[in-house]
Amino acid sequence: MSAVQNVDSVALLPAYLAAGTAVLVLVTDLLLARPRATVVVAALGALGTAVGSAAVGAVGERRTFCVGADCSWIFGGRAALVGAVVALLTLGVLGLSAPALRAGRSPVGEYCFLLACSMTGGVVLGAAGDLITLIVALETLTLPLYVLVGLRRGSLASAEAAVTFFVVSVVATTVTLLGAALLYAVTGGLHLDRLGALLAERPELRGLPLTTAAVALLLVGLAFKVAAVPFHAWAPATYDGAPLPVAAYLSTASKLGGLVALLAVVQRALPAEQTGPVLAVLAVLTMTVGNLVALRQRRTVRLLAWSSVAQAGYILAPLGALALAAGRTGEARSAAYAAAVAYAVFFVVLELGAFAGVTALRPVGADGGTLDDLRGTARRYPWRGAAFGLALVGLAGLPPGLAGLFAKVTVVRALLDGGAGWLALVVALNAVIGLAYYLRVTAGLWAPTTTPGVAVAGGAVAVPVVGVVAVVLAVATVAAVVVGVAPQLVLDLAGR
């Protein structure tokens, strides 16, 4: 066998574009030292990465870095969807960051470079075909976020959040690597499809205690990344201490990356009869604890953080159907995987809209504040309040937020098709609990206030939002409407 491989550069084009964006941002900041130029380069690079991902995915599945039938890079429809969504989320977060960067809250060059590096990890993650590529990509997505969380100058809360995030992520990565090492010791393989084939063909391997330990460690390590209960405690403190745009990225792109990694090992590598019961328990705990604790929150970002935890439970719920024999048939499994990815896409669009709404309704550079700080803001800024309210209603799964409605319908339908009616009932009950806090926040936006025109916290006047933040809010709102009107398109792409 020749040691020289043919590399398919077309398949690697999205990764080239993402990594090239990071390099160009660094060079632009070094040579020009003009913040506006640096942000423009980062934004154009993110847009180019999204277009490149969609273009490569449209021509069909492409593979490279292969040894026989096993490939480390597989770029198909789902990888294109993940790459495009991560790049567009990066573009949106850049837009939300523009006022704070203009005000000198964070160093522009470092901020844009780290965001582009994280985007590169997300793009690679969707196409990973082996455990090494998967874990390296996941860490490339996550590592820059440690710094971004604490990059706000003079903020003790940001520094504390960064340390919390760093410590928890290091532990999660260690656990994931240990699980991967044990799985390699059992099977002698690292490619996801080969691992799945070996464990399916040799039942004696699945019964080994070492295999059980490997599967458990892999699932636990990746559960940290999606903030699944009981591995979720880092999320509320980290989100609340981070700058609002970084919290938006953590809640969307980072969570999407964790799901993609978890889905890759569950769908292609690990035995469903072992992962299914664990995922079912994680889903029930995550959605229930997230919703119940969110009911008690008074700080805006903490409420969104606990809401994000609950949403992770809904995302994991279709995978819980693998616990039953009816959920492990080929058709039921395909429906469950597609439902999980589709729900994640619907969620990140609405979540970006929610964080864009908070950013638009708060003074430049401020944190999310309390729910009382947002009380009555929709009366002063109607279209911004309406866009924020639409995102909240969508996350609750109510019309006219059709994206959230179809997301929950998709999950329930996948569970019923997999014979997991009990889990579908848990999803429905938790959706009802979620209505309480989503509608409370939405109603508060139009509630009367005693001090019109003034934000409660510190008496700071809410600065009218113009420019890119308004554009991001408008685009996120339009995107939520579009995916709500045409949900089947997302489902089709998620199932490829």
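Since we're looking at a predicted model, the values are computed, not measured.
- Distance alone, capped at 3.5 Å, is enough to place a donor-acceptor pair between the Thr377 side chain and the Leu374 backbone.
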Criterion side-chain contact (heavy atoms from CB on, under 4.5 Å) on Val348 and Val85, from CA distance to verdict: CA-CA 9 Å; Val348 297; Val85 169; 3.9 Å; yes

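- By the 30° and 60° cut-offs, the orientation of the rings of Trp234 relative to Tyr239 is perpendicular.
- Between Val226 and Leu259 the shortest heavy-atom distance is CG1-N, 3.4 Å.
- Remark: side-chain polar atoms of Thr477 are paired, donor with acceptor, to backbone N or O of Leu473 under 3.5 angstrom.
- Between Tyr146 and Phe166, the angle of the ring planes goes over 60°, which puts this pair in the perpendicular group of the 30/60° scheme.
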Candidate pair Val149 and Thr164, rule side-chain contact (heavy atoms from CB on, under 4.5 Å), full reasoning: CA-CA 10 Å; Val149 168; Thr164 300; over 6 Å; no

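- The two residues Ala137 and Val124 come nearest to each other via the heavy atoms CB-CG1, 3.7 Å.
- Contact of the Leu24 side chain with the Leu44 side chain is not registered, since no non-hydrogen atoms from C-beta on lie closer than 4.5 Å.
- Checked by atom type, the side-chain pair Tyr111/Thr38 shows no donor-acceptor distance below 3.5 Å.
- A distance-only check finds a donor-acceptor pair linking the side chain of Gln311 to the backbone of Leu395 [under 3.5 Å].
- Ion pairing of Arg362 with Asp367 is present here, as a side-chain N (NZ or NE/NH1/NH2) and a carboxylate O approach within less than 4.0 Å.
- Remark: the backbone N or O of Tyr438 is paired with a side-chain donor or acceptor of Thr442 at under 3.5 angstrom.
- Side-chain atoms of Thr21 come within 3.5 Å of backbone N or O of Leu17 as a donor-acceptor pair.
- More than 12 heavy atoms of other residues, nucleotides or ligands sit less than 6.0 Å from atom CZ of Arg333.
- Each of Thr173, Thr174, Val175 was scored for a side chain to side chain contact (heavy atoms under 4.5 Å, CB included) with Leu177, with one residue passing: Thr173.
- Looking at heavy atoms from C-beta onward, Val266 lies out of side-chain contact with Leu222 at the 4.5 angstrom threshold.
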Verdict with reasoning, His232 to Trp306, per side-chain contact (heavy atoms from CB on, under 4.5 Å): CA-CA 9 Å; His232 66 290; Trp306 283 105; 3.4 Å; yes

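- Tested against Phe65 for a side chain to side chain contact (heavy atoms under 4.5 Å, CB included), the candidates Asp70, Ile74, Leu12 yield a single pass: Leu12.
- Residue Tyr184 places its OH atom among 12 or fewer non-hydrogen atoms of other residues, nucleotides or ligands, all under 6.0 Å distant.
- Glu61 and Arg78 are not joined by a salt bridge, as no carboxylate oxygen comes within less than 4.0 angstrom of a charged side-chain nitrogen.
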Val82/Leu125 under side-chain contact (heavy atoms from CB on, under 4.5 Å): CA gap, chis, key distance, verdict: CA-CA 8 Å; Val82 172; Leu125 189 58; 5.7 Å; no

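- Across every non-hydrogen atom of Ala480 and Ala403, the tightest pair is O-CB, 3.6 Å.
- Thr252 pairs with exactly one of Thr90, Leu350, Leu89 by the side chain to side chain contact (heavy atoms under 4.5 Å, CB included) rule, that one being Leu89.
- Environment of CG in Leu178: crowded, with over 12 heavy atoms of neighbouring residues, nucleotides or ligands closer than 6.0 Å.
- Donor-acceptor pairing under 3.5 Å is recorded for the side chains of Tyr314 and Asn291.
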